[in-house]
Amino acid sequence: MSITELIAEITKVLPQIGAAPESRITRMPPVSGGCISTAHIVETSDQKYFVKSHTADSFMTKQMCKSMFEAELHGLNALRHTHTIRVPQPLHVGDLSSGAFLILEYIPLTRLRDHHKLGHQLAYLHLFEGPSQFGFDTNNYIGSTMQPNGWHDTWVDLLQERLQYQFDRAQFTGHMKNMADKLIRRLTQFFKGLDIRPSLVHGDLWAGNCAADSSGEPVVFDPAVYWGHHEAELSIMRMFGGFTLDFYDAYHERIPRAPGFELRAQIYELYHTVNHYNMFGSGYLDQCQRLLERILQ
């Protein structure tokens with residue numbers, strides 16, 4: 001993919017996304033877009049857009065690049081539909097010769113300061129009424145890893161499928177494989193007595209995917225959305241830190257902790273840690289082992 005091609009493809013669709021008929025791209029500076037995609041701010045004669053692009057590589061085919069952005073578009077629209085927390089409006093997914101791109105509303109972002117408001121808004125998101133099953137309308141991506149989202153009647157069934165998918169990709173052997181298999185067999189016991197209703201979750205809400213707009217309102221982005229257990233949202237937030245006690249106090253005012261919360265949090269952390277092992281390599285293996293041993297002890 002060349003910048004020239006990306007500019008040409010964006011220019012073609014500007015009229016479709018509400019730009020003025022005479023609108024032209026004047027600047028397109030690169031910005032930080034995370035560890036997966038390339039990102040630019042597209043400046044036109046009348047407004048700005050945020051554009052993410054990804055080129056096919058050894059991990060993702062061209063079709064996977066497009067499906068990743070289409071899933072992000074669907075997830076952002078699902079979050080917007082709840083009117084609980086601000087997300088950028090997705091505008092268009094397009095093809096490139098060797099990849100795909102996603103055009104989003106441009107929101108000037110600043111550091112999040114009102115963690116108390118984020119806690120309340122995230123709780124309201126998780127309390128939003130939705131379907132009776134767990135999953136989502138499409139599979140999506142957690143980083144560069146496909147995340148299975150098939151519909152299931154119980155949360156444990158969906159979680160088992162996801163953990164097994166990550167374990168299969170990891171190709172654990174010996175003691176690690178034995179522990180992973182044991183967790184899959186015993187998973188139900190960690191959820192006994194819980195009445196879990198499907199909550200719409202962002203799915204990848206670490207501090208790097210959260211900020212504030214110019215008025216101080218929380219903004220979240222880069223989701224991996226699904227209807228699941230609200231507790232799973234908090235695991236990756238705790239893994240990488242960056243959220244204050246004000247956030248957790250406000251969140252748990254609306255959704256109190258249930259018995260067994262800390263142990264289940266380790267299971268959800270394991271899911272993300274194995275995914276990091278699958279994406280980034282052996283540096284995460286010891287952490288996977290420690291989590292499995294603590295969960296099963």
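Positions are given from 1, in the same order as the sequence printed here.
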Geometric class of the His126/His230 ring pair [parallel <30°, tilted 30-60°, perpendicular >60°]: tilted

Heavy-atom pair with the smallest gap, counting every atom of Leu112 and Ala211: CD1-O, 3.8 Å

Heavy-atom closest pair, residues Ala224 and Gln147: O-NE2, 3.3 Å

Non-hydrogen side-chain atoms of Asn209 and Val220 separated by less than 4.5 Å: no

Co-membership, hydrophobic cluster, residues Tyr106 and Val31, 4.5 Å side-chain: yes

ILVMFWY network linking Val274 to Leu163, side-chain heavy atoms under 4.5 angstrom: yes

Test item: Arg264 side-chain N/O and Pro259 main-chain N/O as donor-acceptor pair under 3.5 Å: yes

Distance-only polar pair, side chains of Glu293 and Gln297, donor-acceptor under 3.5 Å: no

Plane angle bin for His276 and Phe240 - parallel if under 30°, tilted between 30 and 60°, otherwise perpendicular: tilted

Side-chain donor-acceptor contact under 3.5 Å, Ser235 with Tyr271: no

Separation between OG1 of Thr38 and NZ of Lys52, rounded to the nearest 0.5 Å: 10.5 Å

No-hydrogen, no-angle side-chain donor-acceptor test under 3.5 Å, Asn278 and Gln166: yes

Donor-acceptor pair, side chain of Ser98 and main chain of Thr55, under 3.5 angstrom: no

Nearest-0.5 Å distance, SG of residue Cys288 to CZ of residue Phe167: 8.0 Å

Side-chain donor or acceptor of Gln164 paired with backbone N/O of Ile184 under 3.5 Å: no

Atom of Ala207, atom of Gly242 and distance for their closest heavy-atom approach: CB-CA, 4.2 Å

Heavy-atom pair with the smallest gap, counting every atom of Ser144 and Met60: CB-SD, 4.3 Å

Inter- and intrachain pairs under side chain to side chain donor-acceptor pair (under 3.5 Å), touching residues 210-220, at least two apart: Arg86-Asp213, Lys117-Glu217, Gln121-Glu217, Asp213-Ser215

No-hydrogen, no-angle side-chain donor-acceptor test under 3.5 Å, Tyr248 and His115: no

Side chain Ser282, main chain Leu285, donor-acceptor under 3.5 Å: no

For Tyr277, all residues meeting ring pair (Phe, Tyr, Trp, His ring centres under 6.0 Å), sequence neighbours excluded: Phe172

Residues, nucleotides or ligands: over 12 heavy atoms within 6.0 Å of Phe261 CZ: yes

Worked check of ring pair (Phe, Tyr, Trp, His ring centres under 6.0 Å) between His152 and Phe134: CA-CA 5 Å; His152 292 271; Phe134 299 85; 9.1 Å; no

Tyr226 vs Arg162 side-chain heavy atoms within contact, under 4.5 Å: yes

Check: Tyr49/His40 side-chain N/O donor and acceptor closer than 3.5 Å: no

Separation of Asp114 CG from Phe247 CZ (nearest 0.5 Å): 12.0 Å

Straight-line distance of Tyr251 OH to Leu125 CG, nearest 0.5 Å: 8.5 Å

Asn149 side chain vs Gly135 backbone, donor-acceptor pair below 3.5 Å: no

Geometric class of the Phe191/Tyr268 ring pair [parallel <30°, tilted 30-60°, perpendicular >60°]: tilted

Backbone N/O of Leu291 and side chain of Gln266: donor-acceptor pair under 3.5 Å: no

Contact list for residues 181-203, test salt bridge (Lys or Arg N to Asp or Glu O under 4.0 Å), sequence neighbours left out: Lys177-Asp181

Sidechain-backbone polar pair: Glu105 side chain, Gln89 backbone, donor-acceptor under 3.5 Å: yes

Sidechain N-carboxylate O distance under 4.0 Å for Arg238, Glu262: yes

Flag for Ser45-Glu22: side-chain donor and acceptor within less than 3.5 Å: no

Verdict with reasoning, Tyr165 to Thr145, per side chain to side chain donor-acceptor pair (under 3.5 Å): CA-CA 10 Å; Tyr165 181 78; Thr145 306; over 6 Å; no

Criterion side chain to side chain contact (heavy atoms under 4.5 Å, CB included) on Arg24 and Leu14, from CA distance to verdict: CA-CA 8 Å; Arg24 297 290 182 270; Leu14 285 177; over 6 Å; no

Side-chain H-bond candidate by donor/acceptor type, Arg169 with Asn275, under 3.5 Å: no

Within 6.0 Å of NE2 in His252, more than 12 heavy atoms from elsewhere: yes

Single-linkage hydrophobic cluster Tyr124~Val201, side-chain heavy atoms < 4.5 angstrom: no

Candidate pair Ser97 and Glu5, rule side chain to side chain donor-acceptor pair (under 3.5 Å), full reasoning: CA-CA 8 Å; Ser97 59; Glu5 180 192 11; 3.1 Å; yes

Value rounded to 0.5 Å, distance of CZ in Arg294 from CD1 in Ile267: 12.0 Å

Residue pair Thr273, Met239: steps toward the side chain to side chain contact (heavy atoms under 4.5 Å, CB included) verdict: CA-CA 9 Å; Thr273 305; Met239 276 177 69; 3.6 Å; yes

Connected via hydrophobic side-chain network under 4.5 Å: Phe221 and Leu73: no

Residues His202, Val225; criterion side chain to side chain contact (heavy atoms under 4.5 Å, CB included); working and verdict: CA-CA 5 Å; His202 175 286; Val225 171; 5.5 Å; no

Heavy-atom pair with the smallest gap, counting every atom of Met237 and Leu205: CG-O, 2.8 Å

Interatomic spacing from CD1 in Ile25 to OG1 in Thr44 - rounded to 0.5 Å: 8.0 Å

Derivation of the side chain to side chain contact (heavy atoms under 4.5 Å, CB included) call for Val93 and Phe101: CA-CA 6 Å; Val93 173; Phe101 66 97; over 6 Å; no

Verify same cluster id: Ile36, Tyr284 (apolar side-chain graph, 4.5 Å): yes

Donor + acceptor pair across side chains of Asp153, Gln133 (<3.5 Å): yes

Backbone N/O of Ile7 and side chain of Thr11: donor-acceptor pair under 3.5 Å: yes

Check: His229 side chain, Ala232 main-chain N or O, donor-acceptor pair, under 3.5 Å: no

Which atom of Ser67 lies closest to which atom of Tyr141, heavy atoms considered: OG-OH, 3.2 Å

CH2/Trp206: more than 12 non-hydrogen atoms of other groups inside 6.0 Å: no

Thr244 vs Asp246, side chain to side chain donor-acceptor pair (under 3.5 Å): CA-CA, chis, key distance, verdict: CA-CA 5 Å; Thr244 68; Asp246 281 347; 4.5 Å; no

